[in-house]
Amino acid sequence: MTDIARLKDKFLKELKKEKSPEKRRKICKKYIEEELSSVFCSLKDLSSKERAKVGEKANEFRKFVLEQMSSAKGEAKEEKEWIDITLPGEEPELGSSHPLTKLQLRCKDIFLRMGFISVEGPELENEWYNFDALNFAKDHPVREMQDTLFVKQEKRSALPSEKKLLMRTHTSPVQVRYMEKRRPPFRIIVPGRVFRNEATDSSHEINFYQLEGLMVGEGVSVANFKAVISFFFRELFKSDVDIRLRPSFFPFTEPSFEVDVSCSLCGKKGCSVCGKTGWLEVMGAGMVHPNVLESAKVDPEKFNGFAFGLGLDRIAIIEHKVSDIRLFYSGDLRFLKQF
Ligand code: DAH
């Protein structure tokens with residue numbers, strides 16, 4: 001193989017590797033200006049016979065490189081001409097807030113107007129805050145595996161309850177976390193995600209959103225509670241809804257209530273959303289149990305208060321007539337784009 005044939009071989013290999021026409025043109029330029037010009041310079045050192053032979057081959061190769069160069073140039077031009085700078089840019093698709101986020105913000109806004117502040121707590125919680133401090137008995141069934149997502153820990157059973165980790169099953173532990181660091185009076189809401197060990201179906205998910213409320217001070221009454229949540233629901237549903245309290249049980253409140261709101265969709269006449277009853281069950285609530293105040297080092301002789309827990313998913317389901325809670329967590333854009 002002659003030197004020129006070897007050079008051509010190397011040139012072709014380099015050219016083949018490069019996809020961009022602009023870069024291929026540069027390779028051609030390099031061969032003309034550097035490689036071939038040194039070949040031509042060295043011709044003077046050859047015998048006249050050799051010089052003619054090598055010169056001819058070098059000229060052929062030069063012609064070949066120039067052809068490659070002009071075709072690469074043509075391609076580069078063509079590629080450049082595709083860029084039409086007058087075209088409008090590609091608009092990035094804008095996302096929007098999740099329906100549950102929107103609802104959470106609406107709720108927050110109403111409570112902030114009533115002087116509540118919004119606080120947060122950890123999703124990875126310990127058994128003390130989630131259960132003990134809230135006056136749950138040690139053998140309460142809600143602590144069992146089928147309800148609570150416990151976190152695997154070495155020697156778990158030997159740990160004290162403040163070290164045993166779990167995914168919080170409600171936002172109520174933040175009541176204690178907040179109270180133990182401050183002196184009453186306080187008015188807080190705690191929006192957040194909670195977790196349950198559920199077999200999922202259209203009305204159960206392993207995680208969902210709650211909005212906890214707590215107001216503690218001197219002489220706080222059930223009447224105060226009714227006033228606060230009546231205002232809240234009227235603002236939220238933008239209609240003159242009625243509130244009804246039914247006796248219930250929660251370990252952390254005494255007395256405890258289930259709160260119903262008159263169905264704003266049918267105006268108490270009964271429809272498919274309220275199951276023909278005219279009422280919608282929307283939250284659990286009650287007067288904070290003295291044991292809970294004590295767990296948080298608040299004097300129950302001096303202070304009392306009310307607490308409530310609202311299921312945000314449930315409100316969103318009612319408002320938008322969503323048939324399956326799992327849709328909120330599916331990430332399905334066909335569902336999400338409707339809000
Ligand atoms: N934590 C309760 C639950 O997840 C809801 C609840 C009920 C919260 C009554 C409260 C309350 O603050 O007073 O089912």
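Just so you know, ligand 1 is whichever comes first in the structure, and atom 1 is the first atom listed for that ligand. Sequential numbering from 1 along the given sequence is applied to the chain's residues.
- Residues satisfying the salt bridge (charged side-chain N to carboxylate O under 4.0 Å, His left out) test with Arg182, not counting sequence neighbours, are none.
- Electrostatic pairing of Arg143 and Asp147 does not count as a salt bridge here, judged by no charged N lying under 4.0 Å from a carboxylate O.
- For Lys30, the salt bridge (charged side-chain N to carboxylate O under 4.0 Å, His left out) partners two or more places apart in sequence, or in a different chain, are Glu14.
- Protein residues having at least one heavy atom under 4.0 Å from any atom of ligand 1 are His170, Ser172, Gln175, Arg196, Gln210, Glu212, Phe250, Phe252, Thr253, Gly284, Ala285, Gly286, Ala307, Phe308, Gly309, listed by chain and number.
- Between Phe328 and His98, the ring planes are tilted. Angles from 30° to 60° get that label.
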Check: residues 276-299 side-chain donor-acceptor pairs under 3.5 Å, at least two apart:
{"unit_1": "Thr277", "atom_1": "OG1", "unit_2": "Cys274", "atom_2": "O", "d": "2.7"}
{"unit_1": "Thr277", "atom_1": "OG1", "unit_2": "Trp279", "atom_2": "N", "d": "3.1"}
{"unit_1": "Thr277", "atom_1": "OG1", "unit_2": "Trp279", "atom_2": "O", "d": "3.0"}
{"unit_1": "Glu281", "atom_1": "OE1", "unit_2": "Arg246", "atom_2": "NH2", "d": "3.3"}
{"unit_1": "His289", "atom_1": "ND1", "unit_2": "Asn291", "atom_2": "N", "d": "3.0"}
{"unit_1": "His289", "atom_1": "NE2", "unit_2": "Asn135", "atom_2": "ND2", "d": "3.4"}
{"unit_1": "Asn291", "atom_1": "ND2", "unit_2": "Asn135", "atom_2": "OD1", "d": "3.0"}
{"unit_1": "Ser295", "atom_1": "OG", "unit_2": "Ala133", "atom_2": "O", "d": "3.1"}
{"unit_1": "Ser295", "atom_1": "OG", "unit_2": "Asn291", "atom_2": "O", "d": "2.9"}
{"unit_1": "Asp299", "atom_1": "OD1", "unit_2": "Glu301", "atom_2": "N", "d": "2.9"}

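- Note on ring orientation: taking the six-membered ring where Trp is involved, the planes of Phe335 and Phe339 are perpendicular (angle over 60°, cut-offs 30° and 60°).
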